[in-house]
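Counting begins at 1 with the first residue of the sequence.
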Amino acid sequence: MNPLKISKLTLIGFFTLSLLFSVSCQKQRVVNRDALADSVKTEFLHAWNGYKKYAWGTDDFKPLSKQGHNWYAHSLLMTPVDAFDTMVLMGLSAEISEVKKLIFSRLSFDRDISVKAFEINIRLLGGLLSAYQLDGDQRFLNLARDLGNRLLPVFDSPTGLPYMFVNLKTGKTSGAVSNPAEIGTYIVEFGTLTRLTGDSVYFKKAKKALKELYVRRSALGLVGTTINVETGAWIDRSSHIGGMIDSYYEYLLKGALLFDDAELRQMWKTSVQSVNTHLADEVDGNLWYGRANMDSGKIQKTWFGALDAFFPAVLALDGQMNRARRLLDSCFKMWRLKGIEPELIDYKKTEILSPEYALRPEVIESTYYLFYFTGEHKYREMGRVYFKSLKKYCRTDEGYAALKSVVTKEKADRMESFFLAETLKYLYLLFEDPSKIDLKKTVFNTEAHPMFIKTGRTVQ
Ligand code: DMJ
């Protein structure tokens with residue numbers, strides 16, 4: 001099918017409906033909104049102003065040394081692009097104008113640099129597509145299309161599984177050893193690009209990658225941690241829901257929802273059933289997900305981390321509320337171990353394996369979903385705890401800093417763009433009126449960039 005182009009007017013009308021409060025909702029808004037939403041906005045501006053003052057035009061702000069940092073030889077404006085739609089949701093009009101000026105005057109992808117395609121896809125392509133859909137400025141879509149075209153060569157492997165890196169100027173690819181997350185996290189952005197441009201190539205390549213990965217699952221239905229994209233052979237056969245696998249599962253479900261795709265839905269159903277059968281682990285009445293060999297299904301490591309905490313959100317989105325609730329309760333316990341969340345723990349021994357906190361969003365994201373679907377006050381109370389910890393341990397005089405250790409609370413000189421794109425966005429949405437976003441019409445990419453479901457329109 002040849003997807004239709006969507007006119008700017010239709011887009012603006014749609015987003016006005018989806019995002020702004022209707023007059024009839026005004027009363028309810030007062031009741032449903034928590035005063036903390038404004039405090040989160042204040043903290044967003046605190047962090048953004050640090051970037052603006054010391055790192056303007058670079059990728060990231062280093063909050064301790066107070067300087068900018070670029071991922072590659074040229075800045076790709078990682079923080080401004082990633083943060084833009086949070087500003088839109090928060091209604092920060094002055095910041096929106098200055099970021100637009102920066103992006104349209106400086107952002108170019110015609111650079112001789114080899115980039116990590118996954119990160120560029122979720123942060124930049126996702127950010128630009130969401131910016132276009134929210135703001136309506138055609139220049140966002142032009143940039144997104146240019147970037148999408150420059151990322152396309154990653155799919156030109158013998159299997160169709162994408163390479164890890166691509167040179168944005170030459171199209172030269174590298175990195176044949178990849179993982180399910182970096183292979184399977186394209187459909188939301190590439191499918192949206194197809195929908196917005198009418199060019200089916202993006203959706204097709206991203207879907208083929210998902211299918212090629214899915215057919216390589218083990219007899220138990222599990223995937224491993226690393227795979228060679230040229231041969232299709234698994235290298236590390238350890239299976240889990242954490243980093244390097246996580247958003248593969250997320251995109252099976254989100255791709256199904258965003259594009260009303262029955263095949264993806266079936267792939268998700270089969271996969272999550274295997275995950276729930278083999279990786280779910282009960283310890284002292286608490287639900288966790290451990291790490292098993294993909295062939296035996298035997299749990300070998302009782303490890304769970306900050307990245308795994310995305311899973312309650314996905315379970316809730318799928319209507320698996322009991323599991324979602326129980327797993328989020330476990331995640332919250334992990335947060336409370338040291339007053340802020342460690343990167344990785346052994347849940348059986350209650351032992352911290354990696355003590356850093358990278359300002360990650362996943363547990364807050366899951367709490368937002370649980371609040372959205374249940375309306376239970378308990379989840380906003382969890383939100384208050386996260387917010388208090390963030391301010392207490394990570395706030396600096398002019399920004400926010402990751403922690404080297406949640407035990408000593410020593411800070412690290414990093415404020416990743418996802419702090420503004422995701423962590424503060426989900427925290428804000430948790431305290432905002434839930435009707436601000438309609439999750440029947442909106443799918444967040446894995447970097448919290450909203451994409452919008454169009455009914456009666458499929459992409460193939
Ligand atoms: C983000 O870039 C995305 O959420 C990704 O899926 C996982 N890692 C970070 C946040 O922790």
List, one per line, each side-chain donor-acceptor pair under 3.5 Å for residues 300-311, sequence neighbours excluded.
from   : atom 1 : to     : atom 2 : distance (Å)
Thr302 : OG1    : Asp346 : OD1    : 2.8
Thr302 : OG1    : Asp346 : OD2    : 3.4
Asp308 : OD1    : Gly305 : N      : 3.0

Atom pairs and distances, side-chain donor-acceptor, residues 413-420, under 3.5 Å, sequence neighbours left out:
from   : atom 1 : to     : atom 2 : distance (Å)
Asp413 : OD1    : Leu64  : N      : 2.6
Asp413 : OD1    : Ser65  : N      : 3.1
Asp413 : OD2    : Ser65  : N      : 3.3
Asp413 : OD2    : Ser65  : OG     : 2.5
Glu416 : OE1    : Arg123 : NH1    : 3.0
Glu416 : OE1    : Arg123 : NH2    : 3.2
Ser417 : OG     : Asp82  : OD2    : 2.7
Ser417 : OG     : Arg123 : NH1    : 3.0

- prompt: What do the steps show when you test Glu43 against Arg395 for salt bridge (Lys or Arg N to Asp or Glu O under 4.0 Å), and what is the final call?
  reply: CA-CA 9 Å; Glu43 293 311 303; Arg395 197 177 199 273; 2.7 Å; yes
- request: Just do the side-chain contact (heavy atoms from CB on, under 4.5 Å) check on Ile120 and Val166 with the steps written out, would you?
  value: CA-CA 10 Å; Ile120 298 304; Val166 63; over 6 Å; no
- request: Test Phe44 against Tyr428 for ring pair (Phe, Tyr, Trp, His ring centres under 6.0 Å), laying out the working first.
  value: CA-CA 9 Å; Phe44 175 92; Tyr428 174 73; 8.9 Å; no
task: Go through Asp318 and Arg323 one step at a time and tell me if the salt bridge (Lys or Arg N to Asp or Glu O under 4.0 Å) criterion holds.
output: CA-CA 11 Å; Asp318 191 39; Arg323 275 181 185 281; over 6 Å; no
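Considering only heavy atoms from C-beta on, Leu430 stays 4.5 Å or farther from Val40 through its side chain. The side-chain heavy atoms of Leu125 and Phe190, taken from C-beta on, include a pair separated by under 4.5 Å. At least one side-chain heavy atom of Tyr72 sits less than 4.5 Å from a side-chain heavy atom of Val115. With contacts defined as side-chain heavy-atom distances shorter than 4.5 Å, the pair Glu432/Met90 does not qualify. At least one side-chain heavy atom of Tyr357 sits under 4.5 Å from a side-chain heavy atom of Trp335. The closest side-chain heavy-atom distance from Asp397 to Lys66 is below 4.5 Å. Within the 4.5 Å cutoff, the side chain of Glu356 has no heavy atoms near those of the Leu403 side chain. You'll find the side chain of Lys41 reaches within 4.5 Å of the side chain of Asp38, heavy atoms only.
With salt bridges taken as basic N to acidic carboxylate O contacts below 4.0 Å, none links Glu341 and Arg360. Here Lys207 pairs with Asp261 in a salt bridge; the nearest charged N to carboxylate O distance falls below 4.0 Å. One finds a salt bridge joining Glu182 and Lys116 here, because a Lys/Arg side-chain nitrogen approaches an Asp/Glu carboxylate oxygen to under 4.0 Å.
The cationic atom of Arg384 (NZ for Lys, CZ for Arg) does not lie both less than 6.0 Å from the six-membered ring centre of Phe387 and within 45° of the ring axis.
With Tyr248 as the partner, the side-chain contact (heavy atoms from CB on, under 4.5 Å) test is satisfied by one option alone out of Thr446, Val223, Ile183: Val223. When each of Tyr386, Phe444, Tyr372 is paired with Tyr426, the ring pair (Phe, Tyr, Trp, His ring centres under 6.0 Å) condition holds for Phe444 and for no other. With Tyr186 as the partner, the ring pair (Phe, Tyr, Trp, His ring centres under 6.0 Å) test is satisfied by one option alone out of Phe203, Tyr251, Phe155: Phe155.
A distance-only check finds no donor-acceptor pair linking the side chain of Ser157 to the backbone of Tyr163 [under 3.5 Å]. Remark: the backbone N or O of Asp85 is not paired with any side-chain donor or acceptor of Ser130 at under 3.5 angstrom. Judged by distance alone, the side chain of Asn228 and the main-chain N or O of Ala233 form no donor-acceptor pair under 3.5 Å. A side-chain donor-acceptor contact under 3.5 Å links Asp59 to the backbone of Met78. With hydrogens and angles ignored, the 3.5 Å screen pairs a side-chain donor or acceptor of Arg217 with a backbone N or O of Tyr214. For His240 (side chain) and Gly290 (main-chain N/O), no donor-acceptor pair under 3.5 Å exists by modelled atom type.
Heavy atoms only, all atoms of each residue included: Pro312 and Leu328 are closest at CG-N, 3.8 Å. Scanning all heavy atoms of the two residues, the minimum distance from Pro80 to Val99 falls at O-CG1, 3.8 Å.
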